[in-house]
Enquirer: 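Got a structure for you, written out below as structure tokens; questions coming shortly.
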Amino acid sequence: MLELPRNDRFFDAKTPPQLPMTSPENDLDPGETHEAAGELLAHLQRVGVRFIPQPKAESVESWNSRWIQDAAPADSQPAVAATSPQSPPQPSAAGSSIGPEVKTPPRAPDTRLQPVESFSASDDPYPGTSLPIAERENQLANLASVVAGCTKCTLLAKCRTQTVFGEGNPAARFAFFGEAPGADEDRLGRPFIGRAGQLLDKMVQACKLQREDIYLLNTVKCRPPENRNPDPTELANCREYFEQQLQILRPEYIVCLGAVSAHSLLKTKLSIGRLRQRFHQYHESKVLVIYHPAYLLRNPDAKKAAWADLQMLMRDAGLA
């Protein structure tokens with residue numbers, strides 16, 4: 001019998017709850033049993049189970065008589081959901097992919113892992129007017145000088161080598177918005193130049209863009225000690241800086257890299273799994289939330305999801 005990885009957020013694979021049975025006390029349609037089993041298959045695919053052993057013929061017969069023949073009237077046939085290449089296979093009486101010992105399909109909430117509807121962090125246009133390229137460059141340079149002398153966060157000001165303001169095309173359609181500088185960025189004063197930055201470059205190139213086509217910035221401009229996430233006070237202190245950057249740039253798209261930037265920009269606590277695969281709104285910019293390149297380096301299996309998000313960006317921007 002297949003033993004699933006333990007995940008208390010869903011269920012204990014060793015002691016699953018019982019599958020509902022048709023009885024005088026619990027009069028369920030046998031089709032519900034099939035539907036529930038199908039939900040289990042879909043859940044197993046979501047959590048990464050790639051293979052489920054087929055049951056033996058005698059097990060199928062046992063499953064047949066226990067769950068279907070005993071539950072359905074003699075002159076009726078249990079309803080079996082149709083399958084398609086795009087949907088998980090639904091169990092059938094003759095070839096269920098779940099043996100009779102697996103009796104408990106978990107009924108997760110309907111909203112589990114479902115992306116939220118797109119929402120707006122601000123419905124208002126960017127303040128002021130759109131500036132010529134030369135004026136954008138001038139204002140960004142002036143703001144970078146202010147940031148370089150900032151001491152609002154006493155700890156970060158003491159431990160930084162230098163601030164990392166941001167860089168890129170002042171007329172970029174795409175702004176990639178990260179979390180905080182790392183050690184390499186702190187040493188050289190440039191965003192996204194470490195291992196995560198190298199992966200980001202490949203992601204950008206896969207979108208038929210180059211680094212000089214985009215603008216790169218972070219939520220905070222100083223490296224937190226030991227590369228920890230910025231704390232709420234540090235994010236609040238730096239907020240006016242990244243908001244001014246975005247106001248000057250007015251990008252068509254903002255790509256939030258990771259939870260910190262997404263939560264800070266959109267003022268939400270929803271997970272990346274809930275926020276991705278939707279365009280959100282920040283003033284006049286469309287916002288797409290994807291996994292941070294550093295997360296993808298630690299979890300290569302998530303690259304497929306990140307690529308799906310980038311493909312959606314390309315289609316919307318006319319790059320696909």
Side-chain angles (χ1 to χ4, degrees), residues 121-122 124-194 196-197 200 211-267 281-285 287 292:
S122 174
D124 301 326
Y126 282 107
T129 59
S130 180
L131 301 172
I133 303 303
E135 184 60 24
R136 292 187 187 188
E137 292 175 339
N138 183 54
Q139 289 204 14
L140 288 170
N142 291 338
L143 183 58
S145 297
V146 173
V147 169
C150 178
T151 58
K152 291 181 182 179
C153 304
T154 304
L155 175 61
L156 299 192
K158 286 181 179 179
C159 69
R160 74 190 181 204
T161 302
Q162 57 191 313
T163 57
V164 183
F165 178 72
E167 66 178 29
N169 189 337
R173 293 179 67 195
F174 305 90
F176 283 75
F177 187 41
E179 299 179 353
D184 294 324
E185 291 78 7
D186 176 69
R187 179 170 53 87
L188 297 177
R190 299 182 58 203
F192 290 100
I193 57 172
L200 178 60
R211 192 179 177 101
E212 55 266 24
D213 297 324
I214 66 174
Y215 195 92
L216 297 164
L217 70 160
N218 285 306
T219 57
V220 297
K221 311 307 181 186
C222 302
R223 179 199 179 197
E226 306 299 326
N227 285 354
R228 63 164 171 76
N229 287 339
D231 68 32
T233 300
E234 292 161 354
L235 289 168
N237 287 341
C238 246
R239 186 175 188 88
E240 65 172 302
Y241 298 140
F242 76 68
E243 285 185 337
Q244 288 184 61
Q245 282 176 287
L246 294 173
Q247 179 182 335
I248 295 168
L249 295 167
R250 298 169 185 261
E252 186 177 348
Y253 296 92
I254 301 172
V255 181
C256 288
L257 302 169
V260 172
S261 59
H263 293 169
S264 186
L265 185 71
L266 298 175
K267 298 182 179 178
Q281 195 76 22
Y282 177 78
H283 293 296
E284 299 160 57
S285 301
V287 179
H292 195 284

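We use all heavy atoms of the structure for the numbers below, so side chains are in, but hydrogens, waters and symmetry mates are not.
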Enquirer: Kindly say whether Glu179 contributes a backbone atom to a donor-acceptor pair with the side chain of Asn218 at under 3.5 angstrom?
Expert: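 Looks like yes, one N/O pair under 3.5 Å.
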Enquirer: What are the two closest heavy atoms between Phe192 and His292, and how far apart are they?
Expert: CE2-NE2, 3.9 Å
Enquirer: Any side-chain to backbone donor/acceptor pair from Ser261 onto Leu257? Under 3.5 Å, distance only.
Expert: yes
Enquirer: Would you say that Ile214 contacts Pro251 through its side chain, given a criterion of any heavy-atom pair below 4.5 Å between the two side chains?
Expert: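 Counting from C-beta outward, Ile214 and Pro251 never come under 4.5 Å.
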Enquirer: As an exercise, state the distance from NE2 of His283 to CG of Leu246, rounded to the nearest 0.5 Å.
Expert: 8.5 Å
Enquirer: Grab the two heavy atoms, one from Phe165 and one from Leu217, that are nearest each other, plus how far apart they are.
Expert: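 The pair with the smallest heavy-atom distance is O-CB, 4.3 Å.
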Enquirer: Got Gln247 and Pro127 here, is their nearest side-chain heavy-atom distance under 4.5 Å?
Expert: yes
Enquirer: Side-chain contact, heavy-atom cut-off 4.5 Å: Thr233 with Cys153?
Expert: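 They are not in side-chain contact.
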Enquirer: Do Glu167 and Arg190 meet the salt-bridge criterion of a basic N to acidic O distance under 4.0 Å?
Expert: yes
Enquirer: Going through the checks in order, is the side-chain hydrogen bond (donor to acceptor under 3.5 Å, both in side chains) test met by Gln245 and Lys221?
Expert: CA-CA 12 Å; Gln245 282 176 287; Lys221 311 307 181 186; 2.5 Å; yes
Enquirer: Indicate the atoms forming the closest heavy-atom contact of Ile193 with Glu185, along with that distance.
Expert: N-OE2, 3.0 Å
Enquirer: Provide the full list of side chain to side chain donor-acceptor pair (under 3.5 Å) pairs with a residue in residues 137-151, sequence neighbours left out, each pair given once.
Expert: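 Qualifying pairs, neighbours excluded: Glu135-Gln139.
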Enquirer: Which atoms form the tightest heavy-atom contact between Ala180 and Pro224, and what is the distance?
Expert: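 Shortest heavy-atom contact: CB-CD, 3.7 Å.
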Enquirer: Any Lys/Arg nitrogen of Lys152 or Glu234 sitting under 4.0 Å from an Asp/Glu carboxylate oxygen of the other?
Expert: no
Enquirer: Working to the nearest 0.5 angstrom, can you tell me the gap between Ile254 CD1 and Leu265 CG?
Expert: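 Taking CD1 in Ile254 and CG in Leu265, the distance rounds to 5.0 Å.
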Enquirer: Is there a side chain to side chain contact (heavy atoms under 4.5 Å, CB included) between Arg173 and Tyr253 once you walk through the steps?
Expert: CA-CA 6 Å; Arg173 293 179 67 195; Tyr253 296 92; 3.8 Å; yes
Enquirer: Is the shortest side-chain heavy-atom distance between Val146 and Tyr241 below 4.5 Å?
Expert: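 Answer yes - side chains close enough.
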Enquirer: Are more than 12 heavy atoms from other residues, nucleotides or ligands located less than 6.0 Å from atom CD of Glu226?
Expert: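 12 or below, so no.
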Enquirer: What heavy-atom pair brings Tyr215 and Gly166 nearest, and what distance separates the two atoms?
Expert: OH-C, 3.7 Å
Enquirer: Answer yes or no: is there a side-chain heavy-atom contact under 4.5 Å between Leu140 and Leu249?
Expert: yes
Enquirer: Taking atom CG of Leu216 and atom CZ of Phe177, what is their separation to the nearest 0.5 Å?
Expert: 12.0 Å
Enquirer: Quick one: closest heavy-atom pair of Val164 and Pro191, and the distance?
Expert: CG1-N, 3.5 Å
Enquirer: Say you draw a straight line from CD of Glu243 to SG of Cys238; how long is it, rounded to the nearest 0.5 Å?
Expert: 11.0 Å
Enquirer: Rounded to the nearest 0.5 Å, what separation is found between the CG atom of Asn169 and the CG atom of Asp213?
Expert: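 Between Asn169 CG and Asp213 CG, I get 7.0 Å after rounding to 0.5 Å.
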Enquirer: Donor-acceptor check, side chain of Gln162 to backbone of Arg187, threshold 3.5 angstrom: yes or no?
Expert: yes
Enquirer: Check whether Glu284 reaches the backbone of Tyr126 with its side chain - one donor and one acceptor, N or O, closer than 3.5 Å.
Expert: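 Side chain of Glu284 to backbone of Tyr126: a pair is present.
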Enquirer: Working note: Leu235 + Val260, criterion side chain to side chain contact (heavy atoms under 4.5 Å, CB included); need CA distance, chi angles, decisive distance, verdict.
Expert: CA-CA 9 Å; Leu235 289 168; Val260 172; 4.1 Å; yes
Enquirer: I'd like to know if the side chain of Arg239 and the backbone of Ser264 have a donor-acceptor N/O pair within less than 3.5 Å.
Expert: yes
Enquirer: Output, in order, the C-alpha distance, side-chain angles, deciding distance and verdict of side-chain hydrogen bond (donor to acceptor under 3.5 Å, both in side chains) for Ser130 and Arg136.
Expert: CA-CA 9 Å; Ser130 180; Arg136 292 187 187 188; 3.0 Å; yes
Enquirer: Measuring from atom OH of Tyr282 to atom NZ of Lys267, what distance do you get when rounded to the nearest 0.5 angstrom?
Expert: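 Output value for this atom pair is 7.5 Å.
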